[in-house]
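These notes concern the structure reproduced below.
Numbers restart at 1 for each chain; the letters A, B, ... are given by sequence-line order, proteins then strands.
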Protein chains: 2
Amino acid sequence: MTDQQAFFDLLDIMENEKLVEPTRFFDLMRGTFSIANLLYLDADVFPAGLAIHRLHHTLGANSLRAYMDAGFQRIDPVLKMAIGGVRPVDWATARKLHPESEPLFATAADLGHKLDGVTLPLPTPTRRLAFLAIQADMPTEEWPAYKRCHLRDFQILANLFHASLLENDNRIQLSDHCGKSLTHRETEVLSWAAAGKSYWEIGTILGISERTVRFFMTNARRKLNVVSNSQAVAQAVRRDLISTL
Amino acid sequence: MTDQQAFFDLLDIMENEKLVEPTRFFDLMRGTFSIANLLYLDADVFPAGLAIHRLHHTLGANSLRAYMDAGFQRIDPVLKMAIGGVRPVDWATARKLHPESEPLFATAADLGHKLDGVTLPLPTPTRRLAFLAIQADMPTEEWPAYKRCHLRDFQILANLFHASLLENDNRIQLSDHCGKSLTHRETEVLSWAAAGKSYWEIGTILGISERTVRFFMTNARRKLNVVSNSQAVAQAVRRDLISTL
DNA sequence: CGCAAAACTGTCGGTAGTGACAGGTTCGAA
DNA sequence: TTCGAACCTGTCACTACCGACAGTTTTGCG
């Protein structure tokens, strides 16, 4: 195959460059493969919805606005399957499994979009959702074979692109790291509070006075900038500051 | 290349079979690629350490015991890099970056292990760490070219194996899903408590009496099987039942 | 309609959490 | 050695939380 060299060139770029800008990555992908569009999403998942961290795509403002305006994110079967699992989701498969999503595919077709593609879930070190959606640029009958051949290429390149963005995020976050961290004892009492223990119980467990437990808890509340133990525990759990299950 | 067909055969198996047992996957991988050993880990990450969910490997009990006894998990640079990032970690690279880990590599060599390999972080829908470590079975000088050629194969197959195990876990968990879920109001009240609001404040915010807030909170505590609001909030945050930041 | 689940409210009494007062000890880094 | 950070303790007054009592109203579904 003649694609082989192009893939390896792209692999080298993704492995060696510190930060690959989304637009550049998208251009490289479209230059190397028969891809119509790409969409990269990195978000927090809540029952109520998504808190989007990063969103990059080549779809154009119109398509995305139409998608959001119609509330398609609530019925999008690809999104559902990507959130729930870690397996690459083929759009045609998702469409077949979720007939209620027909309006979405109909609208997409109206806007001139191809309906073949695959969405690749990506590794996330913290609790997040991330994926790269790839839209095919070829007749529908050619797509399955093309996907079979190149899925591995897409996956590794998507992973490396994702890694590049995450590593860049980390670099930025390291600098604005204000706010003191909790001491060992503060973490400890917070953990026991999260386990439902009272001050008196915690004091007994740790072999210190109830008053001292209160002292640590007060310090923890101050450091976390919160007003109640419940709020402190919520923060601590969200920020992975405490361990006990 | 003659490997190509073998890869695609394996790809078909991983895509189509519901559950691929670890031993079977490992055998298939070793039959297809020049791999000495594999190790798959799925765990929760806490500051204090790892809570292992699944661990499958082909190393033999001796090697793993030696690893744990020596406390190598605390200095293992591969582990560190896999936890912190999402990029495939080459063992030789990790070794170079973390000179303090020499004892680990020395011991591994003593036990007759090759020191070439790569560890692939895997997508995790919840907050977890998962990876597949692959140990090369070839002379060191051949490994870089082999890895470059097959990294994409490893990654996609690892993802599919991981997906297969996770989906099986989900199936099991669905059946023993006892305990009622929280109502809308219970979730709402819990969210405000996690934000540090008192009963009276929550009542004012939601336009209901303080007593009613207490009622919902009591129900939430009972349903979550906990004894304090702090514990309820901890559970709710851990189980993603509440959203507010 | 009937029924169940959710939403809502009141009061009492005990326990737990919270802030502000005012200290002492111990250990490691400058 | 001096200094700061972490660790530890006591008391007072106030507020918040929590369980148990005993209800009413609304909503959705068969």
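- Straight-line distance from the CD1 atom of A/Ile208 to the P atom of C/dT26: 16 Å, rounded to whole Å.
- The distance from atom CE of B/Met217 to atom P of C/dA6 is 18 Å, rounded to the nearest whole Å.
- In this model, no donor atom of one side chain and acceptor atom of the other lie less than 3.5 Å apart for B/Asn159 and A/Arg87.
- Summarising the geometry, the separation between CG on B/Asn229 and C1' on D/dG19 is reported as 12 Å, rounded to the nearest angstrom.
- The phosphate of D/dC8 has neither OP1 nor OP2 within less than 4.0 Å of any side-chain N or O from A/Ser209.
- In this structure, B/His162 has its ring center no closer than 6.0 Å to that of B/Phe131.
- Annotation: the span from B/Arg95 atom CZ to B/Asp90 atom CG amounts to 11.5 Å, rounded to 0.5 Å.
- Of the residues near DNA chain C, A/Trp200 and A/Arg211, the one whose nearest nucleotide (by heavy atom distance) lies more toward the 5' end is A/Trp200.
- Proximity of B/Thr183 to the phosphate of C/dA7: a side-chain N or O atom is located under 4.0 Å from OP1 or OP2.
- For B/Gln231 and D/dC18, the CD to P distance is 11 Å, given to the nearest whole Å.
- For B/Ile202 and C/dT9, the CD1 to P distance is 14 Å, given to the nearest whole Å.
- Both B/Phe215 and B/Val226 sit near DNA chain D, but only B/Val226 has its closest nucleotide nearer the 5' end.
- Distances shown here put a side-chain N or O of B/Arg221 below 4.0 Å from the OP1 or OP2 atom of D/dC18.
- Rounded to whole Å, the distance from CD on A/Glu188 to P on D/dC8 is 9 Å.
- The nucleotide whose nearest atom lies closest to any side-chain atom of A/Thr218 is, among D/dG19, D/dC7, C/dG19, C/dG19.
- For A/Ser198, no side-chain nitrogen or oxygen approaches OP1 or OP2 of C/dT15 to under 4.0 Å.
- Proximity of B/Tyr199 to the phosphate of D/dC18: a side-chain N or O atom is located under 4.0 Å from OP1 or OP2.
- Just one of A/Arg222, A/Arg214, A/Lys223 meets the salt bridge (Lys or Arg N to Asp or Glu O under 4.0 Å) condition when paired with A/Glu186; it is A/Lys223.
- Following rounding to the nearest Å, B/Arg185 (CZ) and D/dT27 (C1') show an atom-to-atom distance of 14 Å.
- Atom CD in A/Glu210 sits roughly 15 Å away from atom P in C/dG19 (whole-Å rounding).
- Not a single donor-acceptor contact under 3.5 angstrom links the side-chain atoms of A/Arg214 to the base of D/dG10.
- In this structure, OH on B/Tyr67 lies 6.0 Å from CG on B/Leu104, to the nearest 0.5 angstrom.
- Under 4.0 angstrom from either OP1 or OP2 of D/dA6 there lies no side-chain N or O belonging to A/Asn219.
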